Amino acid sequence: MASPHVSVLNLHGRQGRWRELAAHYRLLLLDGAFRPDTFVFPVLLRHCPDIYLGEAVHADAAKRGLAGGADPFVSAALVEMYCRCAGALSGAARQAFDEIPTPATVTWNAAISSFFRAGRCDCARSLFDRMPCRNGVTWSAVVAGYTQNGQGREALLVFKKMVEELGSARSSGPTPHSVAGVLSACVHLWDVSFAMQVHGYAAKVSRYVEDDDFVGSVLLDAYGKCGRVAMARQVFDSMSHKNVVAWSSLMASFVREDNPSEAMGLFREMIWAGAAPNEVTLTTALSACAHLPSMTAGKELHAYLFRRRGENPDIFVSSALIFMYGKCRALDCARSVFEKDRDLLCRSVTPLWNTMVSGYVANGRADDAWLMIRSMCRLSSGGAAPNSITLAIILPLCATSSLLPLGKETHCYAVRNGFDRELLVGNSLLDMYCKCGEISSARSQFELMPEKNRISWTTLIDGYGMHGGAAEAISLFQRMVAEQRVNPDPITFVALISACSHCGLVEEGLRFFKEMKESHGVLPTAQVCASMVDLLARAGRIEEAKEFMSTMPATPGASAWGALLGACRIHGEVADAESTLQHLLALEPEGTGFRTLLSNIYAERGMLDQVAKLRTAMAGEGVVKKRGYSWVETRNTSF
DNA sequence: TGCCGGACGC
């Protein structure tokens, strides 16, 4: 008669209330008729919060003759508990598994998943390889396990192995779980062609994509995240039942590809279709309003939220609301949402503070951002501890205003709290030191980083380029290629070619452009082409730059023409400057900087009539040049 | 009555 007790214990466990669970268990023990059995111990083990209590439960189970492999379910739960509570350091989990004389398939599966959750891919794999009889759950557990541990390539290999062993018979073929799992791996790897293969394979052997809304939503999410929104839309349209995840995911894809109005259109379509949006959908819709940006649509959503939830805010939704108001330059509205929801949310609300700070940063209100940071640190007055995201928001502020002392103070905070070892913070520190001109500090920060990605390398290459260190930039790039841990992307080449450009190393720049396509498989973007135009034109090879622009793979944009105009100024090429300006004005009619640049070219050549004509024309069109300003700091006050 | 999969913010 264990079932009613198990339900009560499970209820407490699912709500994370171990103390109540343990109290209920002790109460049950007082009843002489109660015998803890094979159903009770797994519940106790699954929910116990730490290794000490876990060992106590283990001892209790042993006393009642249920441990040591006597019961397969208890043994599986012991494996799970030791993995969860002792993590990667304990052999107890492995020992608990080895004690089971003949594990059932579910026991193998549970143990494999537990090892993956503890990050012990090696143990999970050795169990998988030793398993006498695998089922569909086994394969999907291994695919998901590798994906969750960041080993997407391994997940793909296991999926391929599964297809080979099971064939494509519907009865024994891929389960919906394994298809969904491998698609997550494709997203991690950004491997859209494998996702397409999985799609084709699933379509051949089943109707999962159309009939299983879970698989459909994972597939459309994979396409969306890999930048194939049109394909995501096709999958969405083919789904016979569109669940809330499918709607939200497609909306998010539109926002990601900078098409927020399409996302809002989809949101309205969803409401008309009678589907109910949840917190995630609303967060995504708010994000679309922020990207438009549309205060009207955002306010409508705010009103809808208020009617719907009353006074119960959700941290994601509140954060999105603050972000939306910040993007609409309505910082007072953002601040009032922040003040109210910060008090209503009883949990840690650091993300809310972060969003508010980033709103001030995005609107150029650096002083307000710093005031918030200071009050965050005063936890006694209702602040929240700054985390690594906070640091990534404020470090660029130290860089743009060249507030090096504040940057260093932030660096110290990061070191004291262990955030400096995180990639995001490490890259932000690197960028801050580069922009503040402390290139040697940037270098030591780079060398100290335990983990580096493409952004780390590119940031430092760009930093050397900005400070005339083309030789260091080139040797750093060569080291990046030699180490083969990360691949360069178009941005890396922009940094590298710009470094060559600033030092007049035209031939090297041309060589890197050639290598980019031929050796690294990186396709030139508009930005890369603009840096090539800059390279040639800045060195006075204006004709070659123009020739490059007429043959370059991307259509020349404002940055390419702007680079040409800048070079015309250096080399006093008035006629070229005039024709270049016409192209720029066609692309950006509102641009005032370019016209000012041309007027400076006239002025430097003594062509004062032309200067006057241009200035009059600008005034006639109502074009006003933004006033430039510089930033000075003395005794902690900025001017 | 236990094993595997999904969407959102800073």
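Residue numbering restarts at 1 for every chain, and letters A, B, ... go by the order of the sequence lines. None of the values given here were measured: they were computed from a predicted structure.
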Between [N] atom [atom2] and [X] atom [atom1], what is the distance in whole Å?
| X | N | atom1 | atom2 | value |
| --- | --- | --- | --- | --- |
| A/Phe116 | B/dC3 | CZ | C1' | 13 Å |
| A/Leu44 | B/dG2 | CG | P | 17 Å |
| A/Asn10 | B/dG2 | CG | P | 9 Å |
| A/Met264 | B/dC8 | CE | C1' | 14 Å |
| A/Leu286 | B/dA7 | CG | P | 19 Å |
| A/His47 | B/dG2 | NE2 | C1' | 11 Å |
| A/Asn135 | B/dG2 | CG | P | 14 Å |
| A/Phe159 | B/dG5 | CZ | C1' | 12 Å |

Exercise. Quick one: are A/Glu210 and A/Met239 in side-chain contact, heavy atoms under 4.5 Å?
Worked result: no

For this session: Side-chain contact test, heavy atoms from C-beta onward, threshold under 4.5 Å: evaluate it for A/Leu352 versus A/Ser318 and give yes or no.
Result: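 Answer yes - side chains close enough.
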
Problem set entry | Non-neighbouring partners of A/Ser140 that pass side-chain hydrogen bond (donor to acceptor under 3.5 Å, both in side chains), sequence neighbours left out | none

For this session: Identify, residue by residue, the members of residues 316-327 of chain A with a heavy atom below 4.0 Å from DNA chain B, and return them in order of residue number, or none.
Result: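 The stretch gives A/Phe316, A/Ser319, A/Phe323 as the residues lying under 4.0 Å from the strand, ordered by number.
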
Exercise. Is there a residue in residues 227-245 of chain A whose heavy atoms reach under 4.0 Å of DNA chain B, and which residues are they?
Worked result: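 Those residues are A/Asn243, A/Val245.
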
Problem set entry | Stacking check A/Phe214 vs B/dG5 (5.5 Å / 30 deg) | yes

For this session: For B/dG5, take OP1 and OP2 only and decide whether either is under 4.0 Å from a side-chain N or O of A/Gln148.
Result: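 Yes, A/Gln148 has a side-chain N/O under 4.0 Å of OP1/OP2 on B/dG5.
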
For this session: Using a cut-off of strictly less than 4.0 Å, decide whether A/Lys225 has a side-chain nitrogen or oxygen near OP1 or OP2 of B/dG6.
Result: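 A/Lys225 to B/dG6 OP1/OP2: no side-chain N or O under 4.0 Å.
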
For this session: On the 0 to 90° scale, with breaks at 30° and 60°, tag the A/His291-A/Phe323 ring pair as parallel, tilted or perpendicular.
Result: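 Taking A/Phe323 first and then A/His291, their aromatic rings sit tilted (interplane angle of 30° to 60°).
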
For this session: Would you please classify the geometry between the A/Tyr201 ring and the A/Phe159 ring as parallel, tilted or perpendicular, with 30° and 60° separating the classes?
Result: perpendicular

For this session: In sequence, state the C-alpha distance, the side-chain angles, and the governing distance for A/Thr284 and A/Ser248, and then conclude on side-chain hydrogen bond (donor to acceptor under 3.5 Å, both in side chains).
Result: CA-CA 7 Å; A/Thr284 312; A/Ser248 312; 5.6 Å; no

Nearest-nucleotide pick for [X], side chain only, options being [options]:
| X | options | value |
| --- | --- | --- |
| A/Val106 | B/dC4, B/dG6, B/dC3 | B/dC3 |
| A/Val215 | B/dG5, B/dC10, B/dT1 | B/dG5 |
| A/Asp221 | B/dG6, B/dG5, B/dC4 | B/dG6 |
| A/Val137 | B/dG5, B/dG2, B/dC3 | B/dC3 |
| A/Ala141 | B/dC3, B/dG6, B/dC4 | B/dC4 |
| A/Ala144 | B/dA7, B/dC10, B/dC4 | B/dC4 |
| A/Thr284 | B/dG2, B/dG6, B/dC8 | B/dC8 |
| A/Phe73 | B/dA7, B/dG2, B/dC4 | B/dG2 |
| A/Ser249 | B/dC10, B/dG2, B/dA7 | B/dA7 |

Exercise. Any chance the side chains of A/Arg125 and A/Tyr146 put a donor and an acceptor closer than 3.5 Å?
Worked result: yes

Which is true for [X] with a 4.0 Å heavy-atom rule: it touches a base, it touches only sugar-phosphate, or it touches nothing?
| X | result |
| --- | --- |
| A/Arg256 | sugar-phosphate |
| A/Ser287 | nothing |
| A/Ile393 | sugar-phosphate |
| A/Thr38 | base |
| A/Asn278 | base |

Exercise. Do other residues, nucleotides or ligands put more than 12 heavy atoms under 6.0 Å from the CD1 atom of A/Ile455?
Worked result: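 Atom CD1 in A/Ile455 is not crowded, with 12 or fewer foreign heavy atoms closer than 6.0 Å.
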
For this session: Answer yes or no: side-chain N or O of A/Ser140 and base N or O of B/dC4 forming a donor-acceptor pair under 3.5 Å.
Result: yes

For this session: Examine the base of B/dC8 for any acceptor or donor lying under 3.5 Å from a partner atom in the side chain of A/Thr283, and report the outcome as yes or no.
Result: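 Counting by modelled atom types and ignoring angles, a donor-acceptor contact under 3.5 Å is found here.
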
Exercise. Using 4.0 Å as the upper bound for N to carboxylate O, is an ion pair formed by A/Glu269 and A/Lys242?
Worked result: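 No, this pair does not count.
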
For this session: Salt-bridge test for A/Lys160 and A/Glu164: reply yes if a basic N is under 4.0 Å from a carboxylate O, no otherwise.
Result: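 A salt bridge is absent here (no side-chain N lies under 4.0 Å from a carboxylate O).
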
Problem set entry | Between A/His302 and A/Tyr325, ring centroids under 6.0 Å |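 Ring centres of A/Tyr325 and A/His302 closer than 6.0 Å.
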
